[in-house]
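Here is how names work: the chains are called A, B, and so on, in the same order as the sequence lines, proteins then strands, and each is numbered from 1. Below, all heavy atoms of this structure are taken into account, side chains as well, without hydrogens, waters or symmetry copies.
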2 protein chains.
Amino acid sequence: MPTPHYGQPRYRVIADDLRERIDDGVIQSGTLLPPESVLAAEFHAARGTIRKAIDVLRRDGYATTEHGRGTYATKRNLDHAGQQETRQREVSADVRLAALFGVEVGAKLIERETVIRRDNRVEVVLNSYRLCPRSRS
Amino acid sequence: MPTPHYGQPRYRVIADDLRERIDDGVIQSGTLLPPESVLAAEFHAARGTIRKAIDVLRRDGYATTEHGRGTYATKRNLDHAGQQETRQREVSADVRLAALFGVEVGAKLIERETVIRRDNRVEVVLNSYRLCPRSRS
DNA sequence: AGAAATTTGTCCGTATGTATC
DNA sequence: AGATACATACGGACAAATTTC
């Protein structure tokens, strides 16, 4: 099979699957995930793809890996720990932002948005705006 | 060359090299890095190794990549500390924020805005949004 | 408008190094 | 020392977004 990845790439689908298992307790917090080789066999994916999926889990705080030992699931305690997710996208400058940056309204900006939740409720939304690199001299 | 990575792995060495070029202005902020294929040839490394190096740069805020276009250097030499100013005000929730917080459109939110300037130019705008204390149940 | 070239994104398979059990 | 498991690196192939002609 070459590389058909319509919609979501496989490593994200796999990451979502594993994250779900951690959230649901199928893989309990503090226990080891199956070895990469086993996951590769289960998902019929290359080990590199599994590693990319685990990268995502690590970045989101769902796993920590130790060389030669394995990858531990670290379920997030939604009640106290607080959960955060960040995503980045390109937006058009509104009047206010355009004035601040000294660009035309509608100019492209990079927005980074972090949503911090606590007790399953949004506590704070953080938005940062920068000029697109290519529009900066 | 098989794969000897005593000490630092190659992708880190390459990342350090590129970071130095950005800090020294050899690659100016806002300009494109050479394509991955060119870097691979220059460093005598596989493209995957170059991509891992660029991953490191991205994580450290030294580069941003756009699909099909290239990777921009994004760090500038910070000679001055840069000023910052923050102000706070009450705003109405737009559709997106209302959805995130689970309130009606138009509900009052507290916006804290920090504008960071460097070299007399706005570098980044940080906006945080919280529910008004009194509207929290 | 559209085709081709360029460039990044994903995925595979394999091999070898390094840390832990 | 041997087995297991993660880390690094290579090379090839194809997909998707952008730019160029």
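A straight line from OH of A:Y72 to P of C:dT20 spans 11 Å, rounded to a whole angstrom. The CD1 atom of A:I14 sits 10 Å away from the C1' atom of C:dC11 (whole-angstrom rounding). Between the C1' atom of C:dT8 and the CZ atom of B:R58 lies a distance of 9 Å, rounded to the nearest Å. Atoms CZ (B:R12) and P (C:dT18) sit 16 Å apart, rounded to a whole Å. For the pair B:L39 CG and C:dT6 P, the computed distance is 17 Å after rounding to whole Å. For A:I50 and C:dG13, the CD1 to P distance is 12 Å, given to the nearest whole Å. To the nearest angstrom, C1' of C:dG17 lies 16 Å from CD of B:Q8. Between B:R10 atom CZ and C:dT16 atom C1' there is a gap of 14 Å when expressed in whole angstrom units.
Between A:E123 and A:R117 no salt bridge is recorded (no basic side-chain N to carboxylate O distance below 4.0 Å). By the 4.0 Å N-to-carboxylate-O rule, A:R19 lies close enough to A:D16 to be salt-bridged with it. In this structure, B:R21 pairs ionically with B:D17, as a charged nitrogen and a carboxylate oxygen lie closer than 4.0 Å.
The side chain of B:R69 places an N or O atom within less than 4.0 Å of a non-bridging phosphate oxygen (OP1 or OP2) of D:dT19. Contact annotation: B:T49 reaches the phosphate of D:dC10 (side-chain N/O to OP1 or OP2, under 4.0 Å). Considering only side-chain N and O atoms, A:Y11 lies under 4.0 angstrom from the phosphate OP1 or OP2 of C:dT10. An OP1 or OP2 oxygen of D:dA9 is reached within less than 4.0 angstrom by no side-chain nitrogen or oxygen of B:K52.
Of the candidate nucleotides D:dA9, C:dG9, D:dC10, D:dC10 has the atom lying nearest to any side-chain atom of B:A45. Taking every side-chain heavy atom of B:H67 into account, D:dA16 is the closest of C:dT10, D:dA16, D:dT8. Distance from the side chain of B:A46 is smallest to D:dG11 among D:dC6, D:dG11, C:dC12. For A:E36, counting side-chain heavy atoms from C-beta on, the closest listed nucleotide (D:dT8, C:dC21, D:dC6) is D:dC6.
B:P34 and B:L39 get closest at one heavy-atom pair: O-CD1, 3.6 Å.
Note on A:G48: nothing from the nucleic acid sits closer than 4.0 angstrom, heavy atoms only.
Taken from OG1 in B:T64 to CD1 in B:I54, the straight-line distance is 11.0 Å, to the nearest 0.5 Å.
Residue B:R47 places a side-chain atom within donor-acceptor reach of the base of C:dG9, judged by atom type and a 3.5 Å distance cut-off alone. Residue side chain B:R51 does not reach the base of D:dA9 through any donor-acceptor N/O pair under 3.5 Å, judged by distance alone.
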